[in-house]
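What you see is a predicted model, and the numbers here were worked out from it, not measured in a lab. Values below: all heavy atoms of this structure, side chains included; hydrogens, waters and symmetry mates excluded. Proteins come first, then strands; the chains are lettered A, B, ... in the order of their sequence lines, and each starts at number 1.
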Protein chains: 2
Amino acid sequence: MAKRGDTTTATIEDVAAAAQVSVATVSRAVRGLPNVAPATRTRVLQVARELSYRADPNASRLAKGRSNAVAMAVPVLSGWYASQAISGAEAVLRDCGYDLLVLGVTPDGDSDEIVPQLHGFEKRADGLILVDAEPADEEVAELAASGLAVVTIGHATPHLQSIVNDELAAAECAVGHLTSLGHRRIGLIGTVSGNRRTRDGRRDGYRSALAAAGIELDPELEEVGEYSIQGGREAMIELLKTEPRPTAVFAVCDEMAMAAIKVCRENNLRVPEDVSVIGFDDHELAEVMDLTTIRQSVVANGAWAARTLMELMEEEERAPSYEPLVSATELVVRGTTAPPAG
Amino acid sequence: MAKRGDTTTATIEDVAAAAQVSVATVSRAVRGLPNVAPATRTRVLQVARELSYRADPNASRLAKGRSNAVAMAVPVLSGWYASQAISGAEAVLRDCGYDLLVLGVTPDGDSDEIVPQLHGFEKRADGLILVDAEPADEEVAELAASGLAVVTIGHATPHLQSIVNDELAAAECAVGHLTSLGHRRIGLIGTVSGNRRTRDGRRDGYRSALAAAGIELDPELEEVGEYSIQGGREAMIELLKTEPRPTAVFAVCDEMAMAAIKVCRENNLRVPEDVSVIGFDDHELAEVMDLTTIRQSVVANGAWAARTLMELMEEEERAPSYEPLVSATELVVRGTTAPPAG
DNA sequence: TTGTAGGCGTTATCAA
DNA sequence: TTGATAACGCCTACAA
């Protein structure tokens, strides 16, 4: 029968009493602030260790008005993207003594407003990492007014510091790879439907790469689909109904690409002999499936977001607007792309 | 030039003043406590809404000594397992108004002690979810003494409430599937090396399934390997060196299984004609790769962990020890297993 | 039903 | 270099 709170943890007063100094001195000593005599400091530190004293974070937060925590708002927590971003951010935050709060946000319906779900977070965290969110201007303003430092990853957001890919160039690179192999009939898997606020860089890149190769756009070859395996599967099934069927497809994420490959095989189409497939992400299983893809390092981006956020939180003032940082992407050619047959 | 903290958020006193009641009444009203006149309550709530008042969580935590947050300690944040567990737990915690703190813990070296890295967390969270950790008895005691409610997922831990698979039965099922297909030479990918504290249920199940089929154990067929794609790759390469090579392999996680399939193909071995492969997890890409596997729902387990933890946090006393909860696993037969050739 | 006031553990401002 | 002491914002006996 173990009661709760068996152990009473030492408070700053206990330490002060034991070290025969005032609480103010203890506070200064343990936090490494200046203006405390070396002898005093060692004594206090010694006592603090003996009592295994640690400042109560809540009291501390209340007193200084900062929480030393950052929140990360993610639309889909169970996916690859989220796990990479979290992993990258967590490592640097932990290193710097910040707590990481993870929060699933569900863009509800068309409005996909996420900020309302963030209410009250300006007290729980000093900073916020928005993953793959597209807040409207009013939402950004609200966020800024809340005093939270905000960084976005995955989508450039005006007035917010962001890290993004050059989606356009990356997609051009992917589709350019296909056209340079000689493909002329190329499907796109995963373009987003109309009601999003931001541009769809990957689709734009797809289009411009086709244009650059002198290929006319066929709207039938652009399949909407959510970023998931199921989404990829459905999109590919639709694509195979077109006449003539595409000899290559560009999927906007690796999961979708893998699903597309599966659909091809189910239809007795060989990859890459009958259909070339290129993805986007460089998911660790892409190598296993020998999938040609565009590599992006979401872990690195998550880490960058955390670092940038911390800088932002240090600053007293904020610049009104920022240019998004563009992270590198890279074409990784593997076995799922080849020249078209015949 | 936007200054920090442009907006001063309303405090309980502001609400009290505006509603012409005392702070105590406001506190009761907004928290839905009894003993407040209906009229008063509506008025207070009204004012609170107008001022968009939210109790400062830090002040609140300090005052009542609870943080309404739970921490989740995870060894590898970037992996599939972590993302599933986080996703499951987060949803129920958010639903109940708890914050989720995510913490990467690195079992350092042989000792793999994680508790030291948890110091100070009894102040930040009321509860802790330990993912795939095997704390020593002293660590468990320390944890209990800290007053934290603790739940483990993935490994049964004495004195702690845990949710686990019946690893033995699940592995027996997997390997039994192979033996019933007629395989006699079956490799194991991913057994753990000797210095772990707990038993290796999947290896034990492998062995007992072999015994049940009257197959003698060949130590060469048990390949140590870390739970990763690279680990699976290396293990499979070793396995293919044995004479005669196995006609089937059981990989302890899907990523390893997928890597194994890749290695087979690189060696011109067909799956399942030449080598059958069965995994463990039912990763969403398992279906895409048509991988036979043992399904477990880590999302569900994460959710269970969160719910159980909350119950534990409500209780005033704790029972001294618990039986682990066994979650269901299920054989999912797909295309990577078949009777041996010849 | 409502209000008063002390306490939660730190931090920060002034004096000393 | 140190030490009182007032915030910080909320909760909760206890009183009214």
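A:K64 has its NZ atom 12 Å from the P atom of C:dT10, to the nearest Å. When the C1' atom of C:dT11 is taken as reference, atom CG of A:N58 falls 14 Å away, rounded to whole Å. With rounding to whole Å, B:R28 atom CZ is found 11 Å from C:dT4 atom P. With rounding to whole Å, A:N68 atom CG is found 11 Å from C:dT11 atom P. Atom CD of B:E122 is separated from atom C1' of C:dG9 by 14 Å (rounded to the nearest Å).
Here the side chains of A:L93 and A:M310 are in contact, with some heavy-atom distance below 4.5 Å. Counting heavy atoms from C-beta on, the side chains of A:F121 and B:D99 come closer than 4.5 Å. Put simply, the side chain of B:L101 reaches to within 4.5 Å of the side chain of A:L101, judged on heavy atoms.
Here A:W304 pairs with nothing under the ring-ring contact (aromatic ring centres under 6.0 Å, His included) rule; sequence neighbours left out.
For B:L62 against A:A59, the heavy-atom pair with the smallest separation is CD1-CB, 3.7 Å. Closest approach of B:N58 to A:K123, counting heavy atoms only: ND2-O, 3.2 Å. The two residues A:D126 and A:M313 have their closest heavy-atom pair at CB-SD, 3.5 Å.
If you check distances only, the side chain of B:R61 never reaches the base of C:dG9 with a donor-acceptor pair under 3.5 Å.
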Distance-only check: which donor-acceptor pairs under 3.5 Å involve side-chain atoms of residues 28-35 of chain A, not counting sequence neighbours?
residue : atom : partner : partner atom : Å
A:R31   : NE   : A:S27   : O            : 3.3
A:R31   : NE   : A:S27   : OG           : 3.4
A:R31   : NH2  : A:S27   : OG           : 3.2

Show me the side-chain donor-acceptor pairs of residues 14-26 of chain B shorter than 3.5 Å, one per line, residues at least two apart or across chains.
residue : atom : partner : partner atom : Å
B:D14   : OD2  : B:T11   : N            : 2.8
B:S22   : OG   : B:A24   : N            : 3.4
B:S22   : OG   : B:T25   : N            : 3.3
B:S22   : OG   : B:T25   : OG1          : 3.3

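Of the two residues contacting DNA chain D, namely B:A10 and A:V21, the nearest-nucleotide position lying further toward the 5' end is that of A:V21.
Surrounding CD of B:E50 are more than 12 heavy atoms belonging to other residues, nucleotides or ligands, all under 6.0 Å away.
Contact between the side-chain N/O atoms of A:S27 and the OP1/OP2 oxygens of C:dT11 is found at a separation under 4.0 Å.
Read 5' to 3', the first and last nucleotides of DNA chain D with an atom closer than 4.0 Å to a heavy atom of chain A are D:dT1 to D:dG9.
Of the residues in residues 32-56 of chain A, A:Y53, A:R54, A:A55, A:D56 come within less than 4.0 Å of DNA chain C through at least one heavy atom, sorted by number.
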TODO: For the pair B:S162 and B:T152, evaluate side-chain hydrogen bond (donor to acceptor under 3.5 Å, both in side chains) and give the outcome as yes or no after the intermediate values.
DONE: CA-CA 5 Å; B:S162 313; B:T152 75; 2.8 Å; yes
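The rotation axes computed at either terminus of the helix from C:dT1-D:dA16 to C:dA16-D:dT1 lie 30° apart, taking five pairs at each end and rounding to 10 degrees.
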